[in-house]
Amino acid sequence: MLEVWSWPTPNGHKVHIALEELGLPYKVVPINIGAGDQFKPEFLKITPNHRIPAIVDDEGPGGKKFTLFESGAILLYLSEKTGGKLIPKDPEGRYKCLEWLMFQMGGVGPMFGQWNHFAAYAVEKLPYAIERYTNEVARLHRVLDHRLEECPYLAGAEYSIADIATFPWVRSPERRGIDLADYPAVKRWHDRVAARPAVQRGVAVLADQQREGSFTASERENLFGKTQFAAR
């Protein structure tokens, strides 16, 4: 059985959703990033980058135990493990899927994350940083909107891992001051994806562990302080 070392963040939700869509049995190993679980030796053995999610597959390539980190790599692995599901078979669709998966990995995730940090989490509010990432989040929504005006899903006609990777970041837009009504194609796509039963099950994983409100001093140290950047 697959183990998923994870937490209810957008990157964690990507893998939870994919597992539900693919019907793969899995066990969740919670990694409470506020409590510092990501720095424990057993997690560092799986991912030296101490970021969630990571997986352990007892039936990996060659039937051997296999570990993997980085959510995009995990999505590709899970697809290939199940015979290429959630990636279009035709070459054009496949490369469009990979194109938009990389767009999420290199753009949507990091830039939305920077907005979260400077606008929502940082104690010191820096107007320059907040304006920069507010503008970038809006720009990325426009890019998505242009694509989704052309086709129902990011890879084209088929729902794919590109949608699975992007949806958890676009979800809950009000947190970033975004009104999806301003991006009608994105809204149609968002609502279509959100209605999928497997997506609903995926985002429910560890949902009881999600917290609201400000971070404690200990959580802030683990997430943003010296602990985060200590040599290991």
Side-chain angles (χ1 to χ4, degrees), residues 4 6-21 31 33 49 51-54 69-76 78-79 86 96-122 129-130 132-149 151-155 159-196 198-207 209-212 223:
V4 184
S6 188
W7 198 240
T9 70
N11 286 333
H13 284 143
K14 296 178 196 176
V15 177
H16 309 160
I17 292 170
L19 287 163
E20 292 291 339
E21 291 281 9
I31 300 296
I33 57 177
N49 195 36
R51 297 285 195 275
I52 65 96
F69 68 94
E70 280 296 326
S71 58
I74 294 170
L75 292 180
L76 289 167
L78 295 176
S79 170
L86 296 175
K96 283 297 175 184
C97 174
L98 296 179
E99 173 182 71
W100 287 96
L101 174 64
M102 300 308 158
F103 174 80
Q104 187 283 312
M105 300 297 296
V108 171
M111 296 300 101
F112 284 28
Q114 291 297 317
W115 187 95
N116 291 344
H117 179 78
F118 286 106
Y121 303 151
I130 294 171
R132 171 179 170 78
Y133 292 112
T134 296
N135 289 339
E136 182 64 3
V137 165
R139 188 189 73 82
L140 291 169
H141 275 83
R142 290 196 299 272
V143 174
L144 289 169
D145 205 57
H146 292 324
R147 173 59 175 168
L148 293 166
E149 285 174 345
C151 46
Y153 297 107
L154 291 172
Y159 175 73
S160 74
I161 59 172
D163 303 294
I164 291 172
T166 306
F167 172 78
W169 285 98
V170 175
R171 181 172 170 256
S172 304
E174 65 281 353
R175 294 180 182 177
R176 292 173 296 281
I178 291 290
D179 184 351
L180 287 187
D182 296 332
Y183 310 94
V186 174
K187 186 177 190 313
R188 288 192 299 271
W189 166 85
H190 170 277
D191 293 349
R192 188 182 303 119
V193 174
R196 297 178 67 91
V199 172
Q200 294 171 8
R201 294 193 300 271
V203 298
V205 174
L206 295 174
Q209 299 297 318
Q210 288 180 309
R211 67 187 307 285
E212 300 293 338
L223 292 168

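Numbering of residues begins at 1 and proceeds along the displayed sequence.
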Practice task
Determine the sole option in Ile17, Val203, Val15 for which the side chain to side chain contact (heavy atoms under 4.5 Å, CB included) test with Pro168 is passed.
Solution key: Ile17
Completion exercise
Hits for ring-ring contact (aromatic ring centres under 6.0 Å, His included) against Tyr133, two or more places apart or cross-chain, chain-then-number order -> Phe118
Handout entry: Arg192 side chain to Pro152 backbone, donor-acceptor under 3.5 Å
Key = yes
Practice task
For Ser172, enumerate each residue passing the side chain to side chain donor-acceptor pair (under 3.5 Å) test, keeping only those at least two apart in sequence or located in another chain.
Solution key: none
Completion exercise
Sorted by chain and number, sequence neighbours left out, ring-ring contact (aromatic ring centres under 6.0 Å, His included) with Trp100 holds for Phe103
Problem - salt bridge (Lys or Arg N to Asp or Glu O under 4.0 Å) contacts touching residues 106-119 (sequence neighbours left out) - result: none
Exercise for the section: Please say whether more than 12 non-hydrogen atoms of neighbouring residues, nucleotides or ligands are located less than 6.0 Å from CZ in Arg51. Expected result: yes
Problem - Contacts of type salt bridge (charged side-chain N to carboxylate O under 4.0 Å, His left out), residue Arg171, not counting sequence neighbours - result: none
Completion exercise
Asp179 meets the salt bridge (charged side-chain N to carboxylate O under 4.0 Å, His left out) criterion, sequence neighbours left out, with none
Practice task
Please check if the side chain of Asp163 supplies one atom and the backbone of Ser160 the other of a donor-acceptor pair under 3.5 Å.
Solution key: yes
Practice task
Can you tell me which residue pairs pass the salt bridge (Lys or Arg N to Asp or Glu O under 4.0 Å) test with a partner in residues 134-149, sequence neighbours excluded?
Solution key: Glu136-Arg139, Arg147-Glu150
Handout entry: Residues forming a salt bridge (charged side-chain N to carboxylate O under 4.0 Å, His left out) with Glu99, sequence neighbours excluded
Key = Lys96
Handout entry: All side chain to side chain contact (heavy atoms under 4.5 Å, CB included) counterparts of Ala194, not counting sequence neighbours
Key = Phe167, His190
Problem - With sequence neighbours excluded, residues passing ring-ring contact (aromatic ring centres under 6.0 Å, His included) with His117 - result: Phe224
Fill in the blank from the handout: Applying ring-ring contact (aromatic ring centres under 6.0 Å, His included) to His141 and not counting sequence neighbours gives Phe112, Tyr183
Fill in the blank from the handout: By salt bridge (charged side-chain N to carboxylate O under 4.0 Å, His left out), Arg196 pairs with (sequence neighbours left out) Glu21
